[in-house]
Amino acid sequence: MNTIPFEVQAPAYVERVHESFARQGAMQTLGARLGLVAPGAVDIELDWAVGLTQQHGFLHAGMVATALDSACGYAGLTLMAEDAAVLTIEFKINLLAPARGERFRMEGRVLKPGRTITVCEGRAFALDGSQEKLVATMGCTLMAVTGRENIRH
């Protein structure tokens, strides 16, 4: 991943991410919680629950994509200007293995921040006891949005 430290534009980025995450109904529906919040990096964690599964008992691909999208979006937000909000404008997900586990960690990492466009990478891990398995990856493109009253960080 990135070995060059990212430049933080909003000193209160941790609080901003937590406040925004708390307003996200989708993350509440998943029972998701924030893990790591650092410049250019956010982890979202969630437990397996029957209401999040597909017909074989695996975490549904839509749930994986939703949590990965949010992890990438919040990773991008950590580096955006104080007056910016974030919206995803594109993502591609690769489902590598069934999402079978007791809990899951979705990692969002900024590859290249920008004033308007930010590119991120996401990775989803299934955790079962001490075992950890990569189950999906995501490429995600974000847009910094400013000056719109109905869109806030």
Side-chain angles (χ1 to χ4, degrees), residues 1-6 8 10 12-80 84-114 117-145 151-153:
M1 289 287 173
N2 185 22
T3 57
I4 301 169
F6 289 121
V8 172
Y13 73 90
V14 173
E15 293 82 8
R16 178 164 71 157
V17 167
H18 279 274
E19 288 170 7
S20 178
F21 188 85
R23 291 191 311 268
Q24 250 206 41
M27 293 299 100
Q28 292 173 22
T29 298
L30 295 181
R33 57 201 172 272
L34 284 170
L36 172 73
V37 177
V42 167
D43 291 356
I44 292 177
E45 302 166 351
L46 60 114
D47 297 325
W48 182 92
V50 70
L52 305 178
T53 63
Q54 44 81 289
Q55 69 276 17
H56 303 296
F58 308 136
L59 191 66
H60 192 285
M63 306 305 162
V64 174
T66 299
L68 272 177
D69 173 41
S70 286
C72 288
Y74 284 121
L77 185 63
T78 66
L79 302 176
M80 290 182 182
V86 62
L87 288 175
T88 300
I89 57 175
E90 179 273 339
F91 70 70
K92 180 193 182 301
I93 188 167
N94 292 301
L95 303 166
L96 307 174
R100 177 186 0 232
E102 299 168 352
R103 56 195 192 289
F104 302 88
R105 185 180 71 251
M106 312 309 184
E107 298 178 347
R109 301 295 184 264
V110 172
L111 297 177
K112 184 179 184 309
I117 301 297
T118 295
V119 177
C120 295
E121 176 180 72
R123 293 183 187 172
F125 294 91
L127 308 161
D128 209 359
S130 63
Q131 301 284 355
E132 181 175 281
K133 183 174 186 174
L134 179 66
V135 296
T137 61
M138 176 179 278
C140 188
T141 307
L142 309 168
M143 183 173 111
V145 180
I151 300 176
R152 61 187 172 115
H153 57 70

Check your understanding: For Thr78, what residues pass the side-chain hydrogen bond (donor to acceptor under 3.5 Å, both in side chains) criterion, not counting sequence neighbours?
Key ->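 Here no residue qualifies.
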
Identify the two heavy atoms, one from [X] and one from [Y], that lie closest to each other, and give their separation to 0.1 Å.
X: Ala144; Y: Ala84; result: CB-CB, 4.2 Å
X: Met138; Y: Ala65; result: CE-O, 3.6 Å
X: Gln28; Y: Arg23; result: NE2-C, 4.4 Å

Acceptor/donor pairs from residues 85-95 side chains to any protein atom, 3.5 angstrom cut, sequence neighbours excluded:
unit_1	atom_1	unit_2	atom_2	d
Thr88	OG1	Asp69	OD1	2.5
Glu90	OE1	Thr141	OG1	3.1
Lys92	NZ	Asn94	OD1	2.5
Asn94	ND2	Thr137	OG1	3.4

Practice item. Please list all pairs passing the salt bridge (Lys or Arg N to Asp or Glu O under 4.0 Å) test where one or both residues lie in residues 126-144, with sequence neighbours left out. Key: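 Passing the test, one end in residues 126-144: Arg105-Glu132.
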
Check your understanding: Sub-3.5 Å donor-acceptor pair from the side chain of Glu102 to the main-chain atoms of Leu127, do we have one?
Key ->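 Not a single qualifying donor-acceptor pair exists.
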
Practice item. Could you tell me whether the side chain of Ser20 and the main chain of Arg16 form a donor-acceptor pair under 3.5 Å? Key: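 Not a single qualifying donor-acceptor pair exists.
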
Point-to-point distance, once rounded to the nearest 0.5 Å, from [atom1] of [X] to [atom2] of [Y]:
X: Met80; Y: Tyr74; atom1: CE; atom2: OH; answer: 12.0 Å
X: Arg123; Y: Leu68; atom1: CZ; atom2: CG; answer: 11.0 Å
X: Leu142; Y: Cys72; atom1: CG; atom2: SG; answer: 7.0 Å
X: Phe125; Y: Arg103; atom1: CZ; atom2: CZ; answer: 13.0 Å

Exercise for review: Would you check if Pro98 and His56 make a side-chain contact, meaning some heavy-atom pair closer than 4.5 Å?
Suggested key: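 The answer is no, as the side chains (C-beta and beyond) never meet within the 4.5 Å cut-off.
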
Check your understanding: What pairs with Ala99 under side chain to side chain contact (heavy atoms under 4.5 Å, CB included), at least two apart in sequence or on another chain?
Key ->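 For Ala99 the side chain to side chain contact (heavy atoms under 4.5 Å, CB included) partners, ignoring immediate neighbours, are Leu59, Val64, Phe104, Val135.
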
Show the atom names and distances, to 0.1 Å, of all donor-acceptor pairs under 3.5 Å that link a side chain in residues 30-52 to residues at least two apart or in another chain.
unit_1	atom_1	unit_2	atom_2	d
Arg33	NH2	Asp47	OD1	3.0
Asp43	OD1	Arg109	NH1	2.8
Asp43	OD1	Arg109	NH2	3.0
Trp48	NE1	Gly57	O	3.0

Check your understanding: Got a sec, which residues hit salt bridge (charged side-chain N to carboxylate O under 4.0 Å, His left out) with Glu15, two or more places apart in sequence or on another chain?
Key ->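 Per chain and number, Glu15 pairs via salt bridge (charged side-chain N to carboxylate O under 4.0 Å, His left out) with no residue.
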
